[in-house]
Amino acid sequence: MFHSIRLFVLSVMNIVQSNYTIMGNSLSQSSLTKKYVVALAGLFLITFLFVHLAINLLLLLPATDTFNVAAHFMGTNIIIKVFEVVLFSGIFIHIIYSLIVQVQNWMARPVRYKLENWSHTSPFSKFMIHTSVIIFIFLVFHLIEFYIETKFLGQIADVVIDGESYPDMGLKVITAFKIPIVVIGYILSFIVLGFHLHHGFQSAFQSLGLNHTKYTPTIKLLSTAVSIILAVGFIIIPLAIYFGNY
Amino acid sequence: MNIKLKIWRQENSKVKGKFIDYVLDNVSPGMSFLEMLDALNTKLIQEGGSPVAFEHDCREGICGSCGLYINGRPHGPGEKSTTCELHMRSFKDGDTIIVEPWRAKAFPVIRDLIVDRSGFDEILKAGGFISVNAGAAPEANSILVNKEVSEEAFDVATCIGCGACVAACKNASAMLFVSAKISQLAILPQGKVEAAQRVQAMVAKMDELGFGNCTNTYACEAECPKGIKVINIARMNREFFTAKVVSQKTT
Ligand code: HEM
Ligand code: FES
């Protein structure tokens, strides 16, 4: 399927290229500038994921009150609201730039090999675009359910904590995580995210020019650690809720 | 040995090419891969066919002209060696060998297995030099270079520009080559003077020619016959960043 998508994109790009001079727009930015942007945005998204994970883990507390207050704080605090704009731009920029890079890379080899290269290299690095598509699909579902529905459509119950009324995000999450298909989809998405980051984290340092005989082995270890912590961290939540007494 | 070959045949850059099957008997394990192709061509000529066009020159791994994509690997099986250093003992009797040209938009096929690698020359012309007065040799100790630095520079300078990095890369990126050519000068005092313009000009030329972007898969490093390291790509990224942000010089 990817092959036909690739062919389609290539033909579109050929039309674009023959009708517009590529110079003078974001496509013409240097290959290295684009890599810097993808890497910086990617690293930023990783720091965000850690914050997100910390808050989600509050769900594992006996009562959802703390989580609800924290979620409310994240949804309303003015500084966090500014960061929300930064975050959405970060996701947007990461996706747009990585897609430009990917399409240009496809264009750089119009005729492919009969027998593809089997060089001994990092396997995860070869599937960044594939893992990213799954992450993107997850993001769409996730944003519909926990951003659009709750913020704009008001499809959420209220709960009173210490005399104040909060949207009951905790209940919404727990209800969702009682549905097997949601749990499975969620877990698979985060395994895939783990693959994306296993390559992505250390790769970002290389893209930023930070490769050093002394530090790079540590960065690679960190990359494994980061991907495992984030994937496992997010995955235990639906498991605990599905199998536990929430 | 009896060898079956699937070889890419293409008249010129304008027409489409295709794979043609050949069978070659009496291949000696001691033959080099290129001698085997010579034997095939002798046979083809005797039969009145047209010989397979392939590039070669030194046949001892130093000129970089012989690159072929053999059974899914640039320069075929074997670590840190060029096609001309590959011998038929690396294959078994009855093996099928698929031989393809380097495949990249920036390396159009000229004929059969020969591709046009003049893009590499263009990149070098853009900045892979130092502007010095080439008079008499300078006094040996007037510019001091410490041993580690000179060895590091020499290691990157062993790049023979064969294009295996581009061929191996899933993105047909030339960054290992370009970064080697940038690094060999950037780490020496003589090369520092023009470092900022050099990296910008060479990267711009590389992009313009349609090579892909690096996604840090490192197939290039795994296949480079001279063992050039991807740490040079990081150095190029760094040099590029400082050149863009810090340097007053632009191209
Ligand atoms: C929260 C989610 C995400 C995080 C934390 C993340 C993080 C990263 C990081 C750190 C890199 C490495 C950058 C580099 O090598 O310089 C990367 C690469 C990449 N990302 Fe993401 N990413 C996320 C989501 C996505 C999405 C949704 C897409 C696309 C739809 C995507 C597409 C890519 C692609 C194609 C690459 C490879 C780019 C390259 O190597 O040049 N990512 N990501
Ligand atoms: S012919 Fe010169 S390197 Fe192979």
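Scope of the values below: all heavy atoms of this structure, side chains included, with no hydrogens, waters or symmetry mates. Bear in mind that the values here come from a model prediction, so they are computed numbers and not experimental data. Residue numbers start from 1 in every chain, and the chains themselves are labelled A, B, ... in the order their sequence lines are given, proteins ahead of strands.
- Contacts of B:K229 with chain A are absent, with no heavy-atom separation under 4.5 Å from either backbone or side chain.
- Neither the backbone nor the side chain of B:F107 comes within contact range of chain A, judged by heavy atoms closer than 4.5 Å.
- Using a 4.5 Å cut-off between heavy atoms, B:I233 touches chain A through backbone and side chain atoms alike.
- For B:M175, the part sitting under 4.5 Å from any heavy atom of chain A is the side chain, from C-beta outward, and nothing else.
- Highest contact tally toward chain A, considering only B:G212, B:G210, B:A219, B:S173, is held by B:A219 [criterion: heavy-atom pairs under 4.5 Å].
- With a threshold of 4.5 angstrom between heavy atoms, A:T216 does not approach chain B through any atom at all.
- Figure legend: cation-pi geometry between A:R112 and A:W106 absent, as NZ or CZ is not positioned both under 6.0 Å from the six-membered ring centre and within 45° of its axis.
- Using a 4.5 Å cut-off between heavy atoms, B:A222 contacts chain A through its side chain alone, with no backbone atom that close.
- When each of B:E221, B:M236, B:K170 is checked for heavy-atom pairs under 4.5 Å with chain A, B:K170 comes out on top.
- Using bins of under 30°, 30° to 60° and over 60° for the plane-to-plane angle, the ring pair A:F195/A:F124 lands in the parallel bin.
- Taking the ring axis of B:F19 as reference, the NZ or CZ atom of A:K114 stays within 45° of it and closer than 6.0 Å to the ring centre.
- For B:I98, the part lying under 4.5 angstrom from a heavy atom of chain A is the side chain only.
- Heavy atoms closer than 4.5 Å to chain A are found in both the backbone and the side chain of B:V230.
- Only the backbone of B:P101 comes within contact range of chain A, judged by heavy atoms closer than 4.5 Å.
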